[in-house]
Structures are given as C-alpha cells and as structure tokens.
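Worksheet: one structure, shown below.
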Amino acid sequence: MLDAAQSEVQNNFAQIGKILGKIDTNVVDVTLAPTFVHIPLASTLVGSIPGMSLASQNCAPSDAGAFTGEVSPSQLKEFGVQWVIIGHSERRTLFAEPTELLKQKVNAALKAGLGVILCIGEAQVEEGRPASESVVMQQVRDIFLAASDAPAFDPSRIVIAYEPVWAIGTGLTATPDYVLTMHTEIRRVLAELPGPAAGAAGAAAARIIYGGSVTKANSFDLAKMSEVNGFLLGRASTQAEEFAAIINLASQAKAEGK
C-alpha cells in the first residue's frame, strides 16, 4: 500500500515475524510481497524465518534497456526476491497492462530465475458463469502458451492466482462452489495445453491460489478444498494478526485434508 509509512511497515513486519516463527512452514509456504522500497527491509525478515520467501509486486518486461522507473527481474533477484506477481487486476485496469506486455514480463522473470505468481480473473460485468469462465480461461491460455516457448519455462515456477475482480477489496467473496468451479476449470484448461504443462500430471501439480476478500472468517472453508492451493492476500496481509490467523487456519485445513 502506498500510504504506509516506513515505521508502520517495520512494525508490521516485526509482528509478522514473531507470529510466523511459530507456524509450521512444512505445511504451508508463506511469501511476502512488499512494495519496491520496502523489499530490503522485508528481505531481512524473510531471511530469518525458514520456509519463507520474498516476492515483488511487479517487474520490468526486460532485464536490459531504457525502461525509466522500472525494476528488472535480475535487480530484484539481487535483493533476495524469489517470486514476482504479474498481471494483478490493478496493473491490468489502472495501468492498462495488455496481455502482450504480461507475456514479456513472465518470460523475463522466468529467464532471470524468478518464480511467477500469475493473476487472472474476471471483472464484475463478466460475472455470469459462462462469460467469466471464457474470459479467465483465455487469460490462462494466452500467458501459458507464450511462457511455454521460453527457454527457462518451468511450470512448477508459475503459481496461478485466480482473483475475481469484483471481489477484491469490496467485502464480497465468491462462494466456495464458485471458486471450486473456476479452479477446476483452470486445471482442465492447463491439462489441454501443449508443451511442458500439458497432461493430467502437469495440471494436477499446478498450484492455483485464490484472492478476493479472503478473511479469517472464510479462509478455513476455502482452504479445505483440494482445488485451492493457497491465497493471494491483499488488505489482510497489512494486518499482522489477521494475516497470521489466515495462515494458521489454512495450515490447519491442509493438515486435516492430508
């Protein structure tokens, strides 16, 4: 968030560090994605907690060239970043990032050795089920087909984050049945794609996480579903106690499901 002061972020990280130190990271993976300016601070925290990783909220579409104001994947890697979020709904809508640019970012990140958290999702006007499925599945095909041509492509290094735009920051949450349908359909599309991600085995191994007003009140029921492999948290991640509660609940749900 742009309005967070350095002292506020530092205090939040300290609280998160205390809480996460008690969480079994053998059951869940925890990744922090701060703003660019707070990555060095977060890197210190992440380095002190086993099983925790660091992500960036964005990256440049290339490792070299004149891209004033951008940060390249290799520069991020130098600061201990292991993952990068690409295609977040706010980047797509507020900054009008087209599919072609997202493809370039995915390939640049993979080439630099970073993992990609690829965001996909439908807007409110597309919420009717056949329409939403069509939009979301086309997003999957567009990015994965382009990424699979990259020399550094590794499907295990791409996490798909399904985030229905109409549920982000609105207090609305897709019902568990709705989420299950979308995640199952995403996996079906992955199984049909050519290349390294193709086939039932590749699709089954893919990690598909959910983002859209996830709270401690709904996280356990969502995490219990086998098709939901985790969460992309926004507002909840800025509140240490809520963040930790969701991680604990997700951990419990996954442990019970084993």
Side-chain angles (χ1 to χ4, degrees), residues 23-33 50-56 73 77 81-88 102-103 105-121 133 136-164 174 176 178-212 214 219 221-233 246-247 250-258:
I23 291 175
D24 184 0
T25 51
N26 291 316
V27 178
V28 294
D29 297 321
V30 180
T31 300
L32 286 184
M52 196 171 180
S53 58
L54 184 62
S56 169
K77 194 172 181 181
V81 171
Q82 296 164 274
W83 295 87
V84 58
I85 299 172
I86 294 175
H88 190 280
L102 300 181
K103 292 178 185 178
K105 289 187 175 187
V106 168
N107 287 341
L110 292 173
K111 186 177 180 180
L114 297 178
V116 171
I117 300 170
L118 175 64
C119 298
I120 58 173
E133 287 182 13
V136 172
M137 302 319 143
Q138 191 57 50
Q139 290 173 355
V140 174
R141 293 185 185 95
D142 285 344
I143 302 297
F144 259 78
L145 286 174
S148 63
D149 291 333
F153 179 73
D154 177 356
S156 70
R157 296 294 291 167
I158 299 183
V159 172
I160 295 179
Y162 168 59
E163 46 164 16
Y178 189 98
V179 175
L180 179 61
T181 296
M182 296 301 289
H183 281 224
T184 301
E185 187 67 7
I186 291 168
R187 210 174 293 278
R188 182 192 66 78
V189 169
L190 289 176
E192 295 175 351
L193 293 176
R207 284 181 287 176
I208 306 172
I209 64 178
Y210 173 72
V214 177
S219 57
D221 287 339
L222 288 168
K224 280 195 304 184
M225 294 188 291
S226 61
E227 290 294 336
V228 176
N229 305 128
F231 300 124
L232 179 67
L233 301 178
I246 292 172
I247 294 171
S251 179
Q252 292 170 26
K254 292 306 180 188
E256 289 181 13
K258 284 188 174 182

(request) Determine the minimum heavy-atom distance between Ile208 and His183, stating which atoms define it. (result) CG2-ND1, 3.4 Å
(message) Less than 4.0 angstrom from a charged side-chain N to a carboxylate O is my criterion; do Glu256 and Lys224 meet it?
(response) no
(message) I'd like to know if the side chain of Glu185 reaches the main chain of Met137, judged simply by a donor and an acceptor atom lying under 3.5 Å from each other, with no hydrogens or angles considered.
(response) no
(message) How close do Ala161 and Ile117 get, counting heavy atoms only, and between which atoms?
(response) CB-CG2, 4.1 Å
(request) To the nearest 0.5 Å, tell me how far Arg188 CZ sits from Leu193 CG. (result) 10.0 Å
(message) Nearest 0.5 Å, please: how far is NZ in Lys77 from CG in Leu54?
(response) 13.5 Å
(message) I need the Trp83 CH2 to Arg157 CZ distance, nearest 0.5 Å.
(response) 4.5 Å
(request) Would you give the length of the straight line joining atom CG of Leu232 to atom CD1 of Ile209, rounded to the nearest 0.5 angstrom? (result) 5.0 Å
(request) Examine distances only and state if a side-chain atom of Arg207 and a backbone atom of Asn229 form a donor-acceptor pair shorter than 3.5 Å. (result) no
(message) Contact between Ile186 and Ile120 at the side-chain level, heavy atoms closer than 4.5 Å - yes or no?
(response) yes
(message) Could you report the tightest heavy-atom contact between Ala223 and Ala253, atom names first, then the distance?
(response) CB-CB, 3.7 Å
(request) Report yes if the side chains of Ile160 and Leu190 come closer than 4.5 Å at any heavy-atom pair, otherwise no. (result) yes
(message) So Val159 and Leu118, do their side chains get closer than 4.5 Å, heavy atoms only?
(response) no
(message) Give me the atom names and distance for the closest heavy-atom approach of Ser53 to Thr31.
(response) OG-OG1, 2.6 Å
(message) Quick check: closest heavy atoms across Phe231 and Ala250, and the distance to 0.1 Å?
(response) CE1-CB, 4.1 Å
(message) Using only atom types and a distance under 3.5 Å, with no angle test, would you say the side chain of Lys254 pairs donor to acceptor with the backbone of Val28?
(response) no
(request) Show the numbers, then the answer: is there a side-chain contact (heavy atoms from CB on, under 4.5 Å) between Leu110 and Ile158? (result) CA-CA 9 Å; Leu110 292 173; Ile158 299 183; 4.2 Å; yes
(message) I want to check something: taking the side chain as every heavy atom from C-beta on, are Tyr162 and Cys119 in contact at a cut-off of under 4.5 Å?
(response) no
(request) Keeping the roles fixed (side chain from Tyr178, backbone from Leu180), state whether a donor-acceptor pair exists under 3.5 Å. (result) no
(request) Quick one: closest heavy-atom pair of Leu114 and Pro73, and the distance? (result) CD1-O, 3.7 Å
